[in-house]
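See below for the structure under consideration.
What you see below is based on every heavy atom in this structure, not just the backbone, and it leaves out hydrogens, waters and symmetry mates. Chain letters run A, B, ... following the sequence lines, proteins first, then strands; residues in each count from 1.
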Amino acid sequence: MKIRTRFAPSPTGKMHVGNLRSALYEFLIAKHEGGDFMLRIEDTDQERFVEGATEIIYRTLDKVGLKHDEGPDKDGGYGPYVQSERVGTGIYMKYAKELIDKGEAYYCFCDKERLASLKTEVVEGKEISVYDKHCLSLSSEEIAANLAAGKPYVIRQNNPVEGSTTFHDELYGDITVENAQLDDMILIKSDGYPTYNFANVVDDHTMSITHVVRGNEYLSSSPKYVRLYEAFGWEPPKYVHLPLVTDENHKKLAKRGGSTSFEGLLEQGFVTEAIVNFIALLGWSPEGNRELFTLEELIREFDYHRISKSPAVFDLVKLRWMNGEYIKAMEFERFFEMAEPYLKEALPGERLDLKKIAAMVKTRIEVFPDIAEMVDFFGELPEYDVSMYTHKKMKTDGKSSLEVLKEVLPLFESQEDYSNDGLYQTLLKYVEEKGCKNGYVMWPIRTAVSGKQMTPAGATEIMEVLGKDESLKRIRKGIALLENA
RNA sequence: GGCUGAUUGGUCAAGCGGUUAAGACGCCGCCCUCUCACGGCGGAAACAGGGGUUCGAUUCCCCUAUCAGCUGCCA
């Protein structure tokens, strides 16, 4: 049988890496076996709906390359399934009534006040209550009268008070819960919309989902869902609960806060492929030691039985490393396209060869914003202190540096070829005559032309980009600085 | 509080009764070098604790601890 999975997000905010990872795994599980991946928007909570959140979901999936396989016809293609659109079809109410007929669900007319009076315990600021099945004992006449009077109602699941329910998770194994623990959860809200608990089951079944893949937060309530399948007489799907992705404090990620949202990461200069690669490895590992995978390779490698059971901390530091790997491996043209805005911002109005600078920086950055601080000296020589001319390992200090700079200046003045190669050859010859180490002369020059402790390139490469005039100017300035010291 | 789950270095993790307990990030050192980075080499760093089962437990069972999730007319 063909595997069918689905990503079922609720449009209530940003899409964080945990959400994305669920989508990714759901996609990979299906595609690994040539199955179908569906998208279903779970927007039954009208209060929590956030404007634009659905678009974020579409944009993200599109950018990452998680294309869904079917849905209602829309603009010549197919859109995702949208629960709010399905409410109008009466599908949820129809199934809820079927359950009522079977005695597996019942109307409940209790108002907030009565419900509040049920709350007996307060733990850590949260009120704990279990519905007391008060409305289960209503006679059909009372129900009919209430309905006729237009009294607001919800429909609740009628769970048994004795026995236990077991369901099987592909990763966690059999999980059993006493039925007495199962609250009579609400299936249909008083506004007529289904709750997640109900819509989820109805939709997974009607969409013929074979593998329900979702976050671990549903693990303990899954018995309730399984009871619903049993009540309908439906075959339950296979369940694959995913370990949580947490923040550095080991807490579940929130949809607020941009540092772990997909688009937030993009803004921080991360590359889509690196993010995907990284989150694929948060809770799953391949056979062998490989860590770098394209989406296609992930599809090939992804065996969901290798998904881990324990939660994973989202570690931005390792993501940075991986992002650096992607940047290093990236085609130069694409890299330049992505780097250019950052270069232009760091070097406004400069008519420098940005491509050369980009090439220098490519193997040295982890995320694009790293560029700015690395290249700023090209635009303007920063103020620096003479102490920078001292380097213990190079055995340089102010005195030796002054000497080198003075001796080398005329060489550069008469030099016509300001290419990296040409300059380097000149310097090599000078080094040979002087009988010292390269660093002994390179350090002072690089310091003079950059004014920085570290630079993304060596002295001669910098001079090539700076050009003759600017290079000489900076060296003379260095000499003056050292002389006045 | 109740329920469910998880527990290998700081982090991601391999391991599925017998191993010197992989690998990666980060950290430290050395080499390379025109500084830094890249690259190469090396190092420090872990089976939560206690009982069982077994000839033998990181691996299986139980208890404790810790953490997390759920406990909503949220998903």
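Across B/rU35, B/rA75, B/rG5, the shortest atom-to-atom separation from the side chain of A/Trp443 is found for B/rU35. Considering only side-chain atoms of A/Lys309, the nucleotide from B/rA75, B/rG69, B/rA6 that sits closest is B/rA6. For A/Val177, counting side-chain heavy atoms from C-beta on, the closest listed nucleotide (B/rC34, B/rU4, B/rA6) is B/rU4.
Below 30°, between 30° and 60°, or above 60°: for A/Phe335 and A/Phe332 the angle between ring planes is between 30° and 60°, a tilted geometry. Aromatic ring pairs are classed by plane angle as parallel below 30°, tilted from 30° to 60° and perpendicular above 60°; the pair A/Tyr229 and A/His205 is perpendicular. A parallel orientation is assigned to the rings of A/Tyr196 and A/Tyr218, their planes being inclined by less than 30° (bins at 30° and 60°).
At B/rC34, one or more side-chain N or O atoms of A/Asn438 fall inside 4.0 Å of OP1 or OP2 (strictly under the cut-off).
Mapping A/Gln181 and A/Tyr172 onto RNA chain B via the closest heavy atom, the residue that lands nearer the 5' end is A/Gln181.
Between the side chain of A/Thr460 and the base of B/rC34, a donor-acceptor pair under 3.5 Å is found. Remark: the A/Lys251 side chain and the B/rA68 base include no donor-acceptor N/O pair separated by less than 3.5 Å.
Both distances falling under 3.5 Å, in either a Watson-Crick or a G-U wobble arrangement, place B/rG69 opposite B/rC3. Across all strands shown, nothing is found opposite B/rC32 as a Watson-Crick or G-U wobble partner with both distances under 3.5 Å.
The cationic atom of A/Lys355 (NZ for Lys, CZ for Arg) lies less than 6.0 Å from the six-membered ring centre of A/Phe336 and within 45° of the ring axis.
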